[in-house]
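To start, the structure itself, in structure tokens.
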Protein chains: 2
Amino acid sequence: MQALKRLELTLTGNPGPAQAAKAGTRPGGRSARVRTDVVAATLSELTEKGYDQLTVDAICHRAGVHKATVYRRWGGVDGLIADALALSADQPWPIPDTGSVDEDIQLLAREVYDTFTDPDLRTTPTALIGAALRSDLGASALSAFFTARHRQAAEVVTRAVAHGQLPAHVDPVELVRAATAPLYHRLFITGEPLDERAAHRAAAAALLAARAGLFDATTP
Amino acid sequence: MQALKRLELTLTGNPGPAQAAKAGTRPGGRSARVRTDVVAATLSELTEKGYDQLTVDAICHRAGVHKATVYRRWGGVDGLIADALALSADQPWPIPDTGSVDEDIQLLAREVYDTFTDPDLRTTPTALIGAALRSDLGASALSAFFTARHRQAAEVVTRAVAHGQLPAHVDPVELVRAATAPLYHRLFITGEPLDERAAHRAAAAALLAARAGLFDATTP
DNA sequence: CAACTAACGCGACCTGGCTCGCATTAGTAT
DNA sequence: ATACTAATGCGAGCCAGGTCGCGTTAGTTG
């Protein structure tokens, strides 16, 4: 989840070339600059003021861009959130590789815990995910974001299967999801605080279930 | 979760007396009628048109109440959603009691699955929970709702512990939560569809973890 | 370098969510 | 019954969010 924070830094730091360009469009310097500036401004405003106080005017003022431009390209606040998530999903992600699956999975859950309990790190991802849940467009982007994230992290499991540390037919994505899902559930559905035990428990339970054959991809 | 549907039926069916009255206020007939009418209208509008098309005007028109009344008592759409959830949390809930914890927990997860896959049942709870995630006020109400729900369902576990079907120190609420959380996670965070396997898997994994001592309330 | 045009800047305008002050209705008390 | 007062009804009005048409800027092409 720390990539969300890194995204903000990246965007505010250097403009850089366009990440993705559509066909027939103009990928040149200005459009790309506007995009990064606006998305960065969105994340900053979101982090500082929260979703409820988030206003397109403030974003435009901070990014030095006109209101109509934002509404034309993004359609509104929800589009901005979705785009921010889309950019985050493209970011590369460090995956633990300690040699032990158990440790790797624990570290995966642990990273989520660390991110969302650190007062400095938590603000942006918390606000961003919370904001994404507030619209259908954002929810779709969030779904895509997690799909990409889980796909990346699943490497931990496939590696372990290859090394014989886990049963052959275990579904990698399902295991990763099981190890982190309880944390997100607490954070955004039931609104309970996160503690270290919850992170450890989630990872341990996921591994237990995997070894019991509950995540077998083959059996219906 | 079916209580959410039942709530709608109850409210649209009969006005009934006031459920809860604050001190110093006027619990009499009209205020209570207005409350049930407005909340019922909110759920109906939410179910039919979805959150994005939800407008206070439409709710007022349907409930036969003036706009200012709604804004005064509920403050806005988020307050209406929160109140609807508060009423739902008060509803009594049927808890499975088959004699076997494993079956009971499976049924708990199964009920969630059934509710959110049945086209008739799913609409209202889906829209209501989705709407609750769209505001801080709604999120708080949702948190309270799940707390109440889990507390009720935890009886299944305490019963099992008393009968020696589960280790003595297992945290009842934690087990219930683990058995249903993955389903809500799929529905509202990652946006994946629900299948029968996911429900079965969630329940089985939760029981497995409980028996492995992961949900022990005593150990830090 | 010159023509072309996608994308942006600008400001007026409009829609609708939300508020405010006062009149009216209907529970509540004596 | 009568007086009292929450709570609602009512409509005017405010203002932020969002739109539209046109002029301007700046990539892109030849």
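Predicted model, so just to flag it, every value in this text is computed and none were measured. Proteins get letters first, then strands, A, B, ... in listed order; numbering begins at 1 in each.
Along DNA chain C, the nucleotide nearest B:Leu54 and the nucleotide nearest A:Thr69 are compared for position; the residue whose nucleotide lies closer to the 5' end is A:Thr69. Mapped onto DNA chain D by nearest heavy atom, B:His66 and A:Asp57 fall at different nucleotides, with B:His66 at the one closer to the 5' end. Between A:Val65 and B:Gly76, the one whose closest nucleotide on DNA chain C sits nearer the 5' end is A:Val65.
Put simply, B:Thr55 has no side-chain N or O that comes within less than 4.0 Å of OP1 or OP2 on C:dG16. Side-chain nitrogen and oxygen atoms of B:Arg73 include at least one within less than 4.0 Å of the OP1 or OP2 phosphate oxygen of D:dT8. One finds no side-chain N or O of B:Arg35 lying less than 4.0 angstrom from the OP1 or OP2 phosphate oxygen of D:dT8. For B:Arg33, a side-chain nitrogen or oxygen approaches OP1 or OP2 of C:dG27 to under 4.0 Å.
One atom, CD of B:Gln53, and another, C1' of C:dG16, lie 14 Å apart when rounded to the nearest Å. We find that CG of A:Leu80 is positioned 13 Å from C1' of D:dG18, with the value rounded to whole Å. When rounded to the nearest whole Å, the span between CG of B:Asp78 and C1' of C:dC18 equals 13 Å. Following rounding to the nearest Å, A:Ile59 (CD1) and C:dC8 (P) show an atom-to-atom distance of 16 Å. Here the P atom of nucleotide D:dG17 and the OH atom of A:Tyr51 are 12 Å apart, to the nearest Å. Remark: P of D:dA7 and OH of B:Tyr71 are 20 Å apart, rounded to the nearest angstrom.
One cannot find a donor-acceptor pair under 3.5 Å joining the base of D:dG18 and the side-chain atoms of A:Arg72. No N or O donor and acceptor, one from the side chain of A:Lys67 and one from the base of D:dG17, sit under 3.5 Å apart.
Of the charged side-chain nitrogens involved, at least one lies within less than 4.0 Å of a carboxylate oxygen, so that A:Arg35 and A:Asp83 count as a salt-bridged pair. Between B:Asp104 and B:Arg110, no side-chain nitrogen of the basic residue sits less than 4.0 Å from a carboxylate oxygen of the acidic one, so the salt-bridge criterion is not met. Between B:Arg149 and B:Glu155, none of the side-chain N atoms (NZ, or NE/NH1/NH2) sits under 4.0 Å from a carboxylate O, so this pair counts as no salt bridge.
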Stepwise ring pair (Phe, Tyr, Trp, His ring centres under 6.0 Å) test for A:Phe188 and B:Phe188: CA-CA 9 Å; A:Phe188 297 102; B:Phe188 296 103; over 10 Å; no
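Of the possible polar contacts, one joining the A:Thr47 side chain to the A:Leu43 backbone as a donor-acceptor pair under 3.5 Å is found.
Nucleic acid contact for B:Gly64: sugar-phosphate only, since backbone atoms but no base atoms lie under 4.0 Å from a heavy atom of the residue.
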